[in-house]
Number of protein chains: 2
Amino acid sequence: MQKQKKSKSSLIQSVDRALQILETFSREKKELGVTELSNILGLHKSTTFGLLATLENRGFVDQNISTGKYKLGLKLFELGNLVKDSMELRAIAYPILKELVDKYEETVHLVVHDKGEVVYIDKIDSNSAININSYVGKRNPMYCTGVGKCLLAYMDAEYVENILSSELKAYTANTIVDPEKIKDELVNARLNGYCFDNEEIEEGLRCIAAPIKNHLGQVIAAISVSGPSMRMTDQKFDLLIEPVKETTLKISRQLGYRGV
Amino acid sequence: MQKQKKSKSSLIQSVDRALQILETFSREKKELGVTELSNILGLHKSTTFGLLATLENRGFVDQNISTGKYKLGLKLFELGNLVKDSMELRAIAYPILKELVDKYEETVHLVVHDKGEVVYIDKIDSNSAININSYVGKRNPMYCTGVGKCLLAYMDAEYVENILSSELKAYTANTIVDPEKIKDELVNARLNGYCFDNEEIEEGLRCIAAPIKNHLGQVIAAISVSGPSMRMTDQKFDLLIEPVKETTLKISRQLGYRGV
DNA sequence: AACGTCGTACGATAATAACGAACAAAAGGA
DNA sequence: TCCTTTTGTTCGTTATTATCGTACGACGTT
């Protein structure tokens with residue numbers, strides 16, 4: 001993430017508050033009332049009510065008439081689809097990633113980075129009964145995910161420094177939180193052209209990831225093949241290294257990448 | 001649409017303006033500049049700039065550094081996915097609709113209504129080379145689409161009156177814009193349990209549609225089987241009537257509907 | 001029936017958003 | 001190459017609005 005260009009003092013408070021309301025909803029919090037939102041955001045009830053009324057007027061939230069609670073509205077569905085449909089990378093990558101899923105029977109993710117995190121922009125599950133509890137639209141930290149490390153490996157030092165200087169949470173016993181060790185991971189990721197998540201973001205979950213490059217050779221996205229540790233053995237990793245690298249090269253080629 | 005409960009005078013202007021900015025982007029207008037947006041929305045440039053800065057700060061828009069233009073941001077993608085994933089109807093309907101597509105080799109849509117329009121919440125294309133130029137997230141009027149008429153047929157008279165009393169645009173030579181004739185269409189749709197779009201929204205496009213009911217027997221959604229007129233012949237329509245009705249009954253059953 | 005909680009309405013005013021002017025940078029045309 | 005035009009951005013003033021506090025009706029609980 002490049003340095004923030006616009007001063008925070010130029011932000012419009014009421015707009016910022018309305019956006020915060022939208023961000024408060026989640027998979028766990030599908031419906032929220034006026035008082036609930038006020039408590040979470042530290043706003044007066046009548047302030048919250050006015051913001052909600054404005055959001056509702058244009059369909060960004062919807063009120064459940066019988067309970068009085070609010071949920072995210074269809075307008076976000078529409079705008080979200082505009083964003084999705086404008087992602088050429090996603091369309092290009094899908095059939096290629098589907099082949100990988102079909103052949104190796106594991107979940108594949110496609111991610112981009114945004115504001116120091118990875119965002120999952122596509123996910124293709126295998127037919128396995130045991131799959132990964134991730135979802136399109138989810139965010140995860142970069143320092144302890146395979147895809148995140150693959151992206152960080154190619155970012156400028158300042159971006160990396162910025163991330164490594166903030167508090168690094170240990171999600172599992174395997175999460176690497178020592179900045180120097182993370183940097184070693186990044187060096188290896190760059191050398192190898194791929195890297196692993198060895199139960200770093202979630203216990204029992206391993207993945208192999210590789211970067212995708214655009215026509216300028218810039219790393220803009222990454223993919224991962226993920227699975228439960230019981231299936232993602234070292235042998236399976238060995239099997240996956242070349243196919244994963246070939247897959248990202250194939251996608252990169254279609255984006256105009258001409259390097260090796 | 002029920003009567004608007006909240007007074008327009010209680011809306012917050014700056015929030016409303018920010019939402020208008022988001023709504024200005026479209027498939028045709030993926031990137032917009034400050035001055036462009038100001039001209040479209042009738043705002044001062046510095047006002048627009050402040051609104052965009054606030055939206056960008058939370059990831060609702062993104063600025064292309066090299067061109068200075070803005071586009072919708074990843075946060076909308078994330079929130080849009082929250083909305084999509086919360087649509088149980090969509091998940092329930094998908095496999096059932098897929099069977100219909102596979103069997104009859106035509107595009108199927110799933111729609112809901114919102115603020116007097118239909119919104120496409122799912123679309124399954126067939127493998128045909130010639131398909132329908134619609135997309136998930138798109139809105140269309142209700143009075144001249146098969147799905148729209150199916151929904152209007154079960155709505156209270158006030159909702160229908162409200163729609164029919166606004167200006168009805170003729171999209172094709174076949175668009176019915178006489179309110180009395182539209183009402184006849186709705187009576188027929190209710191009697192038959194299905195209805196047609198006979199090149200009313202778009203020349204060369206026909207569909208057969210039917211309503212989906214929830215556990216209370218309320219019509220909450222509709223599906224359509226659509227295709228080019230050269231394929232959607234009267235014979236094909238005859239073939240599709242029962243399967244389409246059976247499909248919507250199947251979906252309605254899974255939503256708890258117990259009627260006939 | 002009484003009490004507590006929630007969503008909503010409304011008016012006063014403190015705080016902010018809007019606007020206008022100005023500037024730097026970039027693009028386009030001569 | 002130079003000049004003009006356009007765009008994005010900044011900043012200060014003030015008109016306007018968003019926020020807050022109070023109050024009320026509806027609903028749920030005891």
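Bear in mind the structure is a predicted one, so any value in this text is a computation, not a measurement. Within every chain, numbering begins at 1; the chains are lettered A, B, ... in the order of the sequence lines, protein sequences first and strands thereafter.
For B:E36 and B:K69, the salt-bridge test passes: some basic side-chain N is under 4.0 Å from an acidic carboxylate O. A salt bridge between A:E31 and A:K71 is absent, with no side-chain N of the basic residue lying under 4.0 Å from a carboxylate O of the acidic one. Classification of A:E78 and A:K75 as a salt-bridged pair fails, no side-chain N sitting under 4.0 Å from a carboxylate O.
We find that CG of A:L41 is positioned 18 Å from P of D:dA18, with the value rounded to whole Å. The nearest whole Å value for the distance from the CD1 atom in B:I21 to the P atom in D:dG8 is 12 Å. One can place CG of A:D16 at 15 Å from C1' of D:dT19, the figure rounded to the nearest angstrom. The distance from atom CD1 of B:I65 to atom P of D:dG8 is 13 Å, rounded to the nearest whole Å. One atom, CG of A:L11, and another, P of C:dA18, lie 13 Å apart when rounded to the nearest Å. For B:I12 and C:dA15, the CD1 to P distance is 17 Å, given to the nearest whole Å.
The only option from B:D16, B:T54, B:V15 that meets the side-chain contact (heavy atoms from CB on, under 4.5 Å) definition with A:S14 turns out to be B:V15.
Heavy-atom nearest nucleotides on DNA chain D were determined for A:G42 and for A:S66, and the one closer to the 5' end corresponds to A:G42. Mapping A:H44 and B:L51 onto DNA chain C by nearest heavy atom places A:H44 at the nucleotide closer to the 5' end.
The closest side-chain donor-acceptor pair between A:H109 and A:S134 falls under 3.5 angstrom.
Within the structure, a side-chain polar atom (N or O) of B:R17 is placed less than 4.0 Å from OP1 or OP2 of C:dA18. Taking 4.0 angstrom as the limit, B:T47 places a side-chain polar atom (N or O) nearer than this to OP1 or OP2 of C:dC19. Contact annotation: A:Q13 side-chain N/O to D:dA18 OP1/OP2 distance is not under 4.0 Å.
Using a 4.5 Å heavy-atom threshold, the side chains of A:V147 and A:I223 count as separate.
Between the side chain of A:Y135 and the backbone N or O of A:Y120 there is no donor-acceptor pair closer than 3.5 Å.
Checked by distance alone, A:S46 brings a side-chain donor or acceptor within 3.5 Å of a matching partner on the base of D:dG21.
Nucleic acid contact for A:S14: sugar-phosphate only, since backbone atoms but no base atoms lie under 4.0 Å from a heavy atom of the residue.
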What does the list of N/O pairs under 3.5 Å between the protein and nucleotides 2-7 of chain C look like, with a distance for each?
| from | atom 1 | to | atom 2 | distance (Å) |
| --- | --- | --- | --- | --- |
| C:dG7 | OP1 | A:V34 | N | 3.2 |
| C:dG7 | OP2 | A:V34 | N | 3.3 |
| C:dG7 | OP2 | A:T35 | N | 2.6 |
| C:dG7 | OP2 | A:T35 | OG1 | 2.5 |
| C:dG7 | N7 | A:K45 | NZ | 3.0 |
| C:dG7 | O6 | A:K45 | NZ | 3.4 |

